[in-house]
Amino acid sequence: MRRNAIQISVMLGAILLLPLLVLLAQETSSLLIEGQQGKTRVIQMQGKNYVEVDELARMTGGSLRFVGTQIILTLPGSGDASSQAVQSAPATPVGLSRPFLAAGIETMKEILEWHASLKNAIERDYPLSDDWFGNFRRQTQSSLKHTEALVITDMDQKALPLLVNEFTNMGTLTDKYLKISASRDYLPLDSLNNDPLEQKLLTCWQSLESMASSNRFVDDGSCQ
């Protein structure tokens, strides 16, 4: 702020009073600007200090332009604001972004609760209800949409389809046993133990868990 005030005062004084200063001014001291090399004469008149605008431009590393009756002093770093904004813009984040990771973990919890409910119902020979599991499906789908809206990084974009596949596979597994339950009087209590889709679901979960903990994208095919 002090530098700007000095610059404005210097420019106005140089333009309006220079002829008079040449005739009447007296050199009293020299001007040093912190952070800059060099010095220049300071001329005092009526209790105020003035320096030549050319010398000020030289000392500050600036440049002068003449537009009509105006003298414009441009200082280093005072260029186009948009270019400065581009230069100062933060680098694009890499890895799994925190918002996406947190939402993705929450979605996986929803899927696990859904899976635990299905597994418990089969092993305890409870009747399987489409209305009951429909609630899990809708709740998890809402959580998945929230996660999708938080995609930021390239890894987020790559990881999202794997999470979608896990949701889809859970829905497929549920529909399979709802149909089996509707067509039979008895469903073996250990049905899930040897089901390939069940194993695929668990393997995908392990892959997603490893990816989240290491913050590295690795598609091993288990979530396809």
Side-chain angles (χ1 to χ4, degrees), residues 81-82 84-183 187-224:
S82 62
Q84 290 183 354
V86 171
Q87 293 176 1
S88 61
T92 303
V94 296
L96 293 171
S97 65
R98 289 187 178 182
F100 176 84
L101 180 59
I105 291 175
E106 185 62 31
T107 300
M108 284 304 304
K109 288 181 180 179
E110 300 283 355
I111 295 176
L112 284 178
E113 290 178 5
W114 179 2
H115 175 267
S117 180
L118 176 63
K119 183 178 179 64
N120 186 61
I122 293 175
E123 292 180 348
R124 294 178 180 272
D125 196 24
Y126 293 157
L128 303 185
S129 168
D130 188 33
D131 292 338
W132 183 21
F133 292 112
N135 290 331
F136 283 104
R137 195 191 307 266
R138 287 188 293 272
Q139 184 174 346
T140 307
Q141 188 173 34
S142 177
S143 178
L144 183 60
K145 287 183 178 180
H146 175 66
T147 302
E148 183 177 3
L150 295 176
V151 169
I152 299 175
T153 68
D154 181 61
M155 188 180 290
D156 293 348
Q157 189 68 46
K158 292 179 179 178
L160 179 63
L162 305 185
L163 191 58
V164 172
N165 289 345
E166 182 78 335
F167 167 77
T168 301
N169 289 337
M170 186 63 226
T172 301
L173 184 70
T174 301
D175 292 339
K176 175 181 178 179
Y177 283 92
L178 284 173
K179 291 180 180 179
I180 293 175
S181 177
S183 63
L187 182 64
L189 304 183
D190 61 349
S191 296
L192 287 178
N193 293 343
N194 300 316
D195 192 311
L197 187 56
E198 161 77 357
Q199 298 306 314
K200 184 175 183 178
L201 196 76
L202 297 179
T203 303
C204 178
W205 160 253
Q206 293 173 355
S207 178
L208 291 173
E209 184 181 38
S210 175
M211 194 183 309
S213 61
S214 65
N215 204 15
R216 293 181 58 191
F217 176 79
V218 179
D219 185 1
D220 58 10
S222 60
C223 295
Q224 299 303 323

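Because only heavy atoms are used, hydrogens play no part in the values below, and waters and symmetry mates are left out as well, while side chains stay in. In this chain, numbering begins with 1 at the start of the sequence shown.
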TODO: Step by step, work out the side-chain hydrogen bond (donor to acceptor under 3.5 Å, both in side chains) result for Asp219 and Gln224.
DONE: CA-CA 9 Å; Asp219 185 1; Gln224 299 303 323; 3.1 Å; yes
Task: From CA spacing to verdict: side-chain contact (heavy atoms from CB on, under 4.5 Å), Asp131, Asn135 - done: CA-CA 7 Å; Asp131 292 338; Asn135 290 331; 5.8 Å; no
- [ ] Give the C-alpha distance, both sets of side-chain angles, the deciding distance and a yes or no for side-chain hydrogen bond (donor to acceptor under 3.5 Å, both in side chains) between Ser222 and Asp220.
- [x] CA-CA 6 Å; Ser222 60; Asp220 58 10; 2.6 Å; yes
TODO: Apply the test side-chain contact (heavy atoms from CB on, under 4.5 Å) to residues Phe217 and Met211: give CA-CA distance (whole Å), side-chain angles for both, the deciding distance (0.1 Å), then the verdict.
DONE: CA-CA 6 Å; Phe217 176 79; Met211 194 183 309; 3.7 Å; yes
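Legend: residues meeting side chain to side chain donor-acceptor pair (under 3.5 Å) with Asn165, ordered by chain and number and at least two apart, are absent. Residues forming a salt bridge (Lys or Arg N to Asp or Glu O under 4.0 Å) with Asp175 (at least two apart in sequence, or on another chain): Arg137. Residues satisfying the salt bridge (Lys or Arg N to Asp or Glu O under 4.0 Å) criterion with Lys179, sequence neighbours excluded, are absent altogether. For Glu123, the side chain to side chain donor-acceptor pair (under 3.5 Å) test picks out Lys119, with sequence neighbours left out.
In plain terms, the two heavy atoms of Leu96 and Thr153 that are nearest each other are CA-OG1, 4.2 Å. For the residue pair Leu201 and Glu166, the shortest heavy atom distance occurs at O-OE2, 2.8 Å.
For the pair Thr140 and Glu113, the minimum side-chain heavy-atom distance is 4.5 Å or more.
Here disulfide (SG to SG under 2.5 Å) pairs that include residues 103-136, with residues two or more places apart or in two chains, number zero. Counting only residues at least two apart or on different chains, the disulfide (SG to SG under 2.5 Å) pairs with a member in residues 194-224 are Cys204-Cys223.
Looking only at distances, a side-chain donor or acceptor of Ser213 sits under 3.5 Å from a matching main-chain atom of Ser210. The closest donor-acceptor contact from the side chain of Asp156 to the backbone of Ile152 lies under 3.5 Å. Side chain of Thr107 to backbone of Ala103: a donor-acceptor contact under 3.5 angstrom is found.
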